[in-house]
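Please read all numbers here as calculations on a predicted model, not as lab measurements.
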Amino acid sequence: MDLDLSSDQRMLLSAIEPLLAQHRQLPQPAGPDYVVFGSELDAALEAAGFYGDGDGFDLERADAALLLDQIAQCPFAVPAMASLTVAPALGIALPRPIALAESLDPRVPIRFLAQSRTLLVAQGDQVLVLDLAGAEIVPQDTIFAYPFARLASYPAEALRPLDGVNAQQLRDGWALGLTFEILGALRAAHALTVDYVKQRQQFKRAIGAFQAVQHRLAEGATHIEALHYLAHRAAIGGDPAAIALAASYAQQHVPQIVYDCHQFHGAMGLTLEYVLHHWTYKLKALAGELGGASAQGRRAAQLLWSEAA
């Protein structure tokens, strides 16, 4: 499988870069906030047609995933994933932003719920669609760098089943999307850390000059590079087992890379005025979605063993 970027993908990156370049940095002075919602970036992406033109979805799965990787490298919380990898996998166009859930349990916080117009629910084998216009939504305070809210109540007539698709299609699109969200956030957090250790002085030398620091950052870079290839293989082929393997690998390696990024930043990495947590705290949330690495690993094993049988 050829994982090099195609000419069309290079053109896509060239087209998106001027827009993303305006959102690579947080507004200054940065406030002590856990979450900075990227409403302007989301609106700009929609206006530029990256979420589709209204008559269908223009981006192929691998192109949409590549775009999601780039968006995730920005420090803002942007509700792009469901529009780029989930709705196209289901073959539907829905009012966006779109939030995703595995149940309608009012106790469970849902990412981007308060900012969304539609909620897609993978309940059992069925996909449910909820129009959020009349729903009672309760925002939740969390340390994660995404906005979370609970669905307290909703009009019964606003909920309907989505015919012709099954919940596993939704979960596969979700798993692929969160893999690329993790990939982009890991890239950004790791690159910020590498730059920091080159500048931070201790014992009259940059802390990045110490071999122990270099080894751990090199190990993190190796995992990120491996995830890059696993994720793009899954996006190009669309094989559910490959998607589950990539998601499992991504979620498995979040804790150590996040730990190292904060460890090498020292106290600076724990301040809310500094940008690091806008990636690392997102990663803490993403590491647990869809049951986490163990659930994705079991999904991959079931698919691969059933094929072998």
Side-chain angles (χ1 to χ4, degrees), residues 3 5 9-10 12-26 35-38 41-42 44-45 50-51 59-86 97 100 111-112 144-147 173-195 217 220-236 243 246-258 260-261 275-290 293 296:
L3 298 179
L5 295 181
Q9 289 174 326
R10 286 192 290 270
L12 174 64
L13 291 181
S14 297
I16 193 66
E17 179 52 34
L19 192 158
L20 294 181
Q22 303 173 41
H23 299 87
R24 296 288 188 193
Q25 304 291 329
L26 292 173
V35 182
V36 179
F37 182 61
L41 175 55
D42 187 57
L45 290 165
F50 288 107
Y51 295 138
L59 293 178
E60 298 290 336
R61 179 179 51 244
D63 299 337
L66 180 66
L67 177 59
L68 189 56
D69 176 4
Q70 298 298 310
I71 294 170
Q73 293 179 52
C74 296
F76 298 92
V78 182
M81 184 263 281
S83 298
L84 288 172
T85 65
V86 177
L100 304 174
R111 188 159 57 113
F112 291 122
F144 302 116
Y146 286 117
W174 187 348
L176 180 66
L178 76 86
T179 298
F180 276 89
E181 286 184 307
I182 289 173
L183 176 60
L186 284 176
R187 289 192 206 272
H190 190 270
L192 183 70
T193 305
V194 169
D195 185 61
L217 288 173
T222 301
H223 291 315
I224 293 170
E225 188 71 5
L227 176 57
H228 167 89
Y229 289 109
L230 283 171
H232 281 275
R233 175 175 176 266
I236 292 171
I243 292 173
S248 179
Y249 187 90
Q251 292 175 312
Q252 176 186 349
H253 288 93
V254 162
Q256 185 60 53
I257 297 175
V258 166
D260 285 345
C261 288
V275 71
L276 178 63
H277 76 279
H278 287 289
W279 292 298
T280 56
Y281 285 19
K282 285 189 182 82
L283 287 163
K284 289 175 180 289
L286 294 172
E289 281 197 359
L290 289 175
Q296 294 304 310

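Looking at every heavy atom in both residues, Ala80 comes nearest to Ile71 through CB-CD1, 4.0 Å. Listed here is the closest heavy atom pair of Pro147 and Phe37: CG-CD1, 4.3 Å. Among all heavy-atom pairs drawn from Ala235 and Ala65, the shortest one is CB-CB, 3.9 Å. Taking each heavy atom of His23 and Phe76 in turn, the nearest pair found is O-CE1, 3.3 Å. Listed here is the closest heavy atom pair of Ile236 and Ala62: CG1-CB, 4.0 Å.
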Apply the test side chain to side chain contact (heavy atoms under 4.5 Å, CB included) to residues Phe144 and Arg111: give CA-CA distance (whole Å), side-chain angles for both, the deciding distance (0.1 Å), then the verdict. CA-CA 10 Å; Phe144 302 116; Arg111 188 159 57 113; over 6 Å; no

Hey, mind stepping through Leu192 and Cys261 against side chain to side chain contact (heavy atoms under 4.5 Å, CB included) and telling me if it holds? CA-CA 8 Å; Leu192 183 70; Cys261 288; over 6 Å; no

Begin from the C-alpha positions of Thr179 and Leu227 and carry the test side chain to side chain contact (heavy atoms under 4.5 Å, CB included) through to its verdict. CA-CA 9 Å; Thr179 298; Leu227 176 57; 3.9 Å; yes

For a side chain to side chain contact (heavy atoms under 4.5 Å, CB included) check, start with the C-alpha distance between Leu45 and Ile16, then their side-chain angles and the critical distance, and finish with the verdict. CA-CA 9 Å; Leu45 290 165; Ile16 193 66; 3.4 Å; yes

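In this structure, Arg187 contributes its side chain and Gln73 its backbone to no donor-acceptor pair below 3.5 Å. Side chain of Trp279 to main chain of Ile182: no donor-acceptor pair is present (N/O by atom type, distance under 3.5 Å, no hydrogens or angles). No donor-acceptor pair closer than 3.5 Å links the side chain of His228 to the backbone N or O of Ile224. A donor-acceptor pair under 3.5 Å is formed between the side chain of Gln251 and the backbone N or O of Ala293. Panel note: side chain Lys282, backbone Pro75; a donor-acceptor pair is recorded below 3.5 Å.
With values rounded to the nearest 0.5 angstrom, Arg24 atom CZ is found 9.5 Å from Leu41 atom CG.
Partners of His223 under the side chain to side chain contact (heavy atoms under 4.5 Å, CB included) rule, at least two apart in sequence or in another chain, are Glu219, Tyr249, His253, Ile257.
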